[in-house]
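Let me begin by presenting the structure, written as structure tokens, before commenting on it.
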Amino acid sequence: NRSSDLRYNEIFFMIDTCQAISLAFLFYSPNIFAAASSSVGEDSLSHDPDSEIGVFVVDRWTYYTLQFLEKVTPTSRATVGELFRSYDTRLIKSTPRFRTDLYRRDVDKVLITDFFGSVRNIQLSAELPVNVSSKPISIDDEENSFWNDLEWIASENLNETFITDEKTDQKEKWTNPPLLVPLLVTITVIVLSLVLNRNN
């Protein structure tokens, strides 16, 4: 049992598929609750088609869920219960279902921000961040061989990655050597392909 192993505190499953609630019927661990887009025997229908790519890009339940969540701010007092009551079956064209019997708290007192607690403004930039090395990698550089470049990539970007905990602003060093070999092989293939293409 993952809960008794302290692997999680609470889990909020959101399921958008045909007969979605049937998946939640299989849950048995404590402190789990679920919102599902459709009842057993019902389809979960799409909302917006994209004429350029010729497919639907969002389902109706997800669309109206996002409409609710986009109004939530980090200081919002909106509750999970309010989210559940916001669904209109006439718009969704299916019957959203919820499973809360395994959950220890009243969903009308559980803040949405307990699970969706952050709004971030993202600005795209062509420049590298200040703390990222801008050392160029060039197959034409006679002073640095291809293998030295690979060694730099491995030492600077793979062996030691720092994960910052935003709440404590503490950095934890994370080493992940298993990713090193396949990435080096991939880089080798790409660079060799470039060299062969240039020679041809």
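Note: hydrogens, waters and symmetry copies are ignored here, and every other heavy atom, side chains too, is used.
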Inset, instruction - Show your reasoning for whether side chain to side chain contact (heavy atoms under 4.5 Å, CB included) applies to Arg77 and Leu111. - result: CA-CA 6 Å; Arg77 305 303 296 175; Leu111 299 179; 3.5 Å; yes
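- Distance alone, capped at 3.5 Å, is enough to place a donor-acceptor pair between the Asp88 side chain and the Arg90 backbone.
- The two residues Ile15 and Ala34 come nearest to each other via the heavy atoms CD1-CB, 4.4 Å.
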Inset, instruction - Dump the intermediate steps for ring pair (Phe, Tyr, Trp, His ring centres under 6.0 Å) on Phe68 and Phe116, then the final yes or no. - result: CA-CA 12 Å; Phe68 182 93; Phe116 302 93; 9.7 Å; no
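- The side-chain heavy atoms of Ile112 and Val80, taken from C-beta on, include a pair separated by under 4.5 Å.
- Arg60 approaches Leu91 most closely through the heavy-atom pair NE-O, 2.6 Å.
- Atoms OG and CG, on Ser94 and Leu45 in that order, are 6.5 Å from each other to the nearest 0.5 Å.
- By the criterion of side-chain heavy atoms lying less than 4.5 angstrom apart, applied directly or through intervening Ile, Leu, Val, Met, Phe, Trp or Tyr residues, Phe84 is grouped together with Phe115 in one hydrophobic cluster.
- With sequence neighbours excluded, the residues that form a side chain to side chain contact (heavy atoms under 4.5 Å, CB included) with Arg105 are Glu10, Tyr103, Val110, Asp114.
- Side-chain N or O atoms of Thr79 include one that pairs as donor or acceptor with a backbone N or O of Glu82 at under 3.5 Å.
- Separating the OG atom in Ser86 from the CD atom in Gln67 is a distance of 9.5 Å, to the nearest 0.5 Å.
- Listed here is the closest heavy atom pair of Tyr8 and Pro30: OH-O, 2.6 Å.
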Legend entry - Trace of the side chain to side chain contact (heavy atoms under 4.5 Å, CB included) decision for Tyr63 with Ile92: CA-CA 9 Å; Tyr63 178 84; Ile92 296 174; over 6 Å; no
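- Going from atom CZ of Arg97 over to atom OG of Ser22 covers 10.5 Å, rounded to the nearest 0.5 Å.
- Between the CE atom of Met14 and the CG atom of Leu69 there is a distance of 6.0 Å, given to the nearest 0.5 Å.
- Evaluation of the salt bridge (charged side-chain N to carboxylate O under 4.0 Å, His left out) rule for Asp108 yields Arg85 as partners, not counting sequence neighbours.
- The backbone N or O of Phe27 sits less than 3.5 Å from a side-chain atom of Arg99, completing a donor-acceptor pair.
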Legend entry - Steps toward side chain to side chain contact (heavy atoms under 4.5 Å, CB included) verdict (Phe13, Ile32): CA-CA 8 Å; Phe13 274 92; Ile32 292 177; 3.8 Å; yes
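- Asp16 pairs by the side-chain hydrogen bond (donor to acceptor under 3.5 Å, both in side chains) definition with Ser37, Ser44, Thr62, not counting sequence neighbours.
- Here the closest non-hydrogen pair linking Ser46 and Asp59 is OG-OD1, 3.2 Å.
- In this structure, Thr113 contributes its side chain and Thr73 its backbone to no donor-acceptor pair below 3.5 Å.
- Residue His47 holds its NE2 atom at 9.5 Å from NZ of Lys93, rounded to the nearest 0.5 Å.
- In plain terms, the two heavy atoms of Ala35 and Trp61 that are nearest each other are O-CH2, 3.7 Å.
- Atom OG1 of residue Thr65 and atom OH of residue Tyr87 lie 3.0 Å apart, to the nearest 0.5 angstrom.
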Legend entry - Phe33/Phe98 under side chain to side chain contact (heavy atoms under 4.5 Å, CB included): CA gap, chis, key distance, verdict: CA-CA 8 Å; Phe33 68 107; Phe98 316 102; over 6 Å; no
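- Checking side-chain atoms of Gln19 against main-chain N and O of Gly41 turns up a donor-acceptor pair under 3.5 Å.
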